[in-house]
Amino acid sequence: MGLAGSVLQPLPLSPAMFYLAIGFALGPSGAGLVRLDPYGHAGVLTLVTEVALLISLFAVGLRLRVELTNRIWWLPLRLGVLGMVLTIFLLSLAGVYLLHMPPGLALLLAAILAPTDPVLASDVQIKDVGDHDRTRFSLSGEGGLNDGTTYPFAMLGLCLLGVPQAAAYGRPEALLLALWGIFAGALSGWLLGRLVVSLALYLREHFRQALGMEEFLTLGLIALCYGVADLIHGIGFLSVFAAGVAMRHIEHHATGRARPAQVIGAVPVGEEHKIATDPSKAPAYMAETVLGFNQQLEHIVEFVMVLLLGIMLSGSGFSWEGALVALLLLLVIRPLSSLLALAGAPDVTRLQCGLMAWFGIRGIGSLYYLMFALQYALPPQMTQRLVPMVLTVVAISVLVHGISATPIMNLYYKRR
């Protein structure tokens with residue numbers, strides 16, 4: 001990829017498609033060089049996918065360079081909350097009446113497949129932080145929100161399946177528990193993000209301290225937000241996403257309409273500290289340096305996660321039930337739920353609504369919630385049905401959206 005990435009970029013192919021094929025070829029159905037048991041290693045795989053998802057969510061938050069008072073935020077909120085709830089409802093109905101699943105398993109399947117992941121199709125996510133295109137912004141923001149807001153539904157599904165650790169979500173106060181998790185997670189991440197970033201900027205501008213080590217600042221802030229949210233029973237994914245938004249908000253407030261690259265200007269080798277301590281440039285320099293580090297991590301995360309997906313799919317085998325679910329989800333449920341969620345949204349064209357309805361890409365979030373569910377003592381007949389279905393749906397999404405993203409987005413920009 002290091003040698004051929006720029007050659008592949010204009011083609012109707014995504015890097016994830018290659019990683020998926022390589023993983024499948026390495027797995028039991030191919031060369032048999034790698035065998036990965038998702039049932040026996042669910043705990044480790046949950047941790048790996050959790051870390052990958054946190055890195056992705058923080059990077060998404062950092063890209064959303066728009067004031068919180070801007071009405072454009074209503075679009076990812078509609079998709080990430082209302083659209084997600086509609087998706088879970090419709091997919092649960094399909095699981096019960098079409099696939100003849102128990103209600104708990106149908107709800108768990110729907111919650112696992114509800115999160116979207118724009119990272120796996122870079123053509124539809126925000127690349128330049130100055131990009132305010134409604135389609136890109138909405139899809140990126142949706143992916144940042146619904147990875148966290150689907151958590152209560154996953155816990156409710158586990159509760160209906162008799163998992164003791166999820167019993168609280170079957171009680172009357174479950175709605176308050178879910179609302180608190182969303183509120184506490186988002187608020188704690190926003191406050192901690194502002195606190196840590198403001199402290200680092202203060203030390204840089206007034207004492208020339210806390211210079212460099214943006215990598216540690218990034219990973220430390222992610223860990224701090226996730227840990228604090230967990231301690232107060234908030235949703236950690238929302239906390240990390242909010243921290244990324246908070247860091248970008250501080251930069252945007254300091255630099256105004258000027259793009260960060262214009263504010264920073266040329267950075268001579270060996271004089272980075274002068275830019276990092278300049279009060280007029282320090283916020284932009286910190287945000288862009290952290291984002292650059294996160295983007296490099298994202299490439300590695302994408303490679304590792306999709307490679308694991310291919311290996312596990314090679315071991316579990318293709319699921320025809322999963323193919324049916326993928327057709328329903330991508331062609332019926334996602335478009336219907338998105339169009340209902342966006343109904344009446346101002347300043348959104350039919351073309352933009354159509355693009356948002358199509359690009360509901362499944363990826364790291366679904367892998368995380370699948371591994372998360374496998375940690376609990378679910379009946380083997382359920383997990384052996386659930387795993388191939390989810391892996392098949394995610395793989396089909398990676399292939400279909402990977403092929404369609406580049407040509408569709410190119411046509412979109414030509415028409416616009």
Quiz item: Minimum heavy-atom separation for Thr383 to Pro388, with atom names?
Solution: O-CD, 4.3 Å

Quiz item: Are more than 12 heavy atoms from other residues, nucleotides or ligands located less than 6.0 Å from atom NE2 of His233?
Solution: no

Practice problem: Say whether, by atom type as modelled, one donor and one acceptor occur between the side chain of Thr150 and the main chain of Ala111 under 3.5 angstrom. | Solution: yes

Quiz item: What's the spacing between Arg134 CZ and Arg136 CZ if we round to 0.5 Å?
Solution: 15.0 Å

Please tabulate, for the side chains in residues 393-400, all donor-acceptor contacts under 3.5 angstrom to protein atoms that are two or more places apart in sequence or on a different chain.
unit_1: Ser397; atom_1: OG; unit_2: Arg362; atom_2: N; d: 3.0
unit_1: Ser397; atom_1: OG; unit_2: His401; atom_2: ND1; d: 2.9

Self-check item: Atom pair CG/OG of Leu411 and Ser404 - distance to nearest 0.5 Å
Solution: 11.5 Å

Quiz item: So, the side chain of Ser29 versus the backbone of Ser314: is there a donor-acceptor pair under 3.5 Å, distance only?
Solution: yes

Quiz item: Do any N or O atoms from the side chain of His253 and from the backbone of Glu67 form a donor-acceptor pair under 3.5 angstrom?
Solution: no

Quiz item: When rounded to the nearest 0.5 angstrom, what is the spacing between CD in Glu272 and CD1 in Ile264?
Solution: 11.5 Å

Quiz item: Do you know which of Ile235, Ile182, Asn146 makes side chain to side chain contact (heavy atoms under 4.5 Å, CB included) with Tyr151?
Solution: Ile235

Quick one: side chains of residues 153-171, donor-acceptor pairs under 3.5 Å with protein atoms, not counting sequence neighbours, listed by atom name and distance.
none

Quiz prompt | Shortest non-hydrogen contact from Ala52 toward Ile364 | solution = CB-CG2, 4.2 Å

Practice problem: Would you list the pairs meeting ring pair (Phe, Tyr, Trp, His ring centres under 6.0 Å) in which at least one residue belongs to residues 25-81, sequence neighbours left out? | Solution: Trp73-Phe137

Quiz prompt | Taking every non-hydrogen atom, the tightest pair across Leu113 and Ser366 | solution = CA-OG, 3.7 Å

Quiz item: Looking at residues at least two apart in the chain, or sitting in another chain, which of them share a ring-ring contact (aromatic ring centres under 6.0 Å, His included) with Tyr368?
Solution: Phe237, Phe372

Quiz item: Which atoms form the tightest heavy-atom contact between Ala210 and Ala200, and what is the distance?
Solution: CB-O, 4.4 Å

Exercise. Kindly compute the distance separating CD (Glu215) from CD (Gln296), expressed to the nearest 0.5 Å.
Key: 10.5 Å

Exercise. Go through the steps for Tyr413 and Asp133 under the test side-chain contact (heavy atoms from CB on, under 4.5 Å), then give the verdict.
Key: CA-CA 10 Å; Tyr413 278 108; Asp133 176 73; 3.9 Å; yes

Quiz item: Where the side chain of Thr406 meets the backbone of Pro12, is there a donor-acceptor pair that is under 3.5 Å apart?
Solution: no

Using atom types as modelled, flag every donor-acceptor pair under 3.5 Å from a side chain in residues 80-106 to any protein atom, sequence neighbours excluded.
unit_1: Thr87; atom_1: OG1; unit_2: Gly83; atom_2: O; d: 2.8
unit_1: Thr87; atom_1: OG1; unit_2: Ser337; atom_2: OG; d: 3.0
unit_1: Ser92; atom_1: OG; unit_2: Ile88; atom_2: O; d: 2.6

Exercise. Please answer whether the main-chain N or O of Ile126 pairs with a side-chain N or O of Ser140 as donor and acceptor at a distance below 3.5 Å.
Key: yes

Quiz item: According to the salt bridge (charged side-chain N to carboxylate O under 4.0 Å, His left out) rule, which pairs have a member within residues 253-262, sequence neighbours left out?
Solution: Asp128-Arg259

Quiz item: So among Thr46, Val48, Val387, which one has a side chain to side chain contact (heavy atoms under 4.5 Å, CB included) with Met371?
Solution: Thr46

Quiz prompt | Pairs where residues 332-345 contributes a residue and the test salt bridge (charged side-chain N to carboxylate O under 4.0 Å, His left out) is met, not counting sequence neighbours | solution = Glu142-Arg334

Practice problem: Give a yes or no on whether a salt bridge exists between Glu288 and Arg248, defined as a side-chain N under 4.0 angstrom from a carboxylate O. | Solution: yes

Self-check item: Main-chain N/O of Ser319 paired to Thr392 side chain as donor or acceptor, under 3.5 Å
Solution: yes

Exercise. Name all pairs fulfilling the ring pair (Phe, Tyr, Trp, His ring centres under 6.0 Å) condition that reach into residues 283-326, sequence neighbours left out, sorted by first residue then second.
Key: Tyr19-Phe303, Phe318-Trp320

Quiz item: In Å, rounded to the nearest 0.5 Å, how long is the span from CG of Leu192 to CG of Leu221?
Solution: 7.5 Å

Quiz item: So which heavy atom on Asp147 is nearest to which on Gly365, and how close?
Solution: OD1-CA, 3.4 Å

Quiz item: Can you tell me how far CG of Asp117 sits from CG of Leu139, rounded to the nearest 0.5 angstrom?
Solution: 11.5 Å

Exercise. Taking Ser338 for its side chain and Pro335 for its backbone only, find out whether a donor-acceptor pair lies under 3.5 Å.
Key: no

Quiz item: Which pairs with one or both residues in residues 366-395 pass salt bridge (charged side-chain N to carboxylate O under 4.0 Å, His left out), sequence neighbours excluded?
Solution: Glu321-Arg385

Quiz item: Is the backbone of Thr135 close enough, under 3.5 Å, to the side chain of Ser138 for a donor and an acceptor to pair up by distance?
Solution: no

Exercise. Would you please name every residue forming a ring-ring contact (aromatic ring centres under 6.0 Å, His included) with His249, sequence neighbours left out?
Key: Trp190

Self-check item: With Asn294 via side-chain hydrogen bond (donor to acceptor under 3.5 Å, both in side chains) - residues at least two apart
Solution: none

Quiz item: Which one of Leu36, Thr49, Leu313, Leu367 satisfies the side chain to side chain contact (heavy atoms under 4.5 Å, CB included) criterion with Leu308?
Solution: Leu36

Practice problem: Using the salt bridge (charged side-chain N to carboxylate O under 4.0 Å, His left out) rule, collect all pairs that involve residues 71-88, keeping only residues at least two apart or in two chains. | Solution: Arg71-Asp347

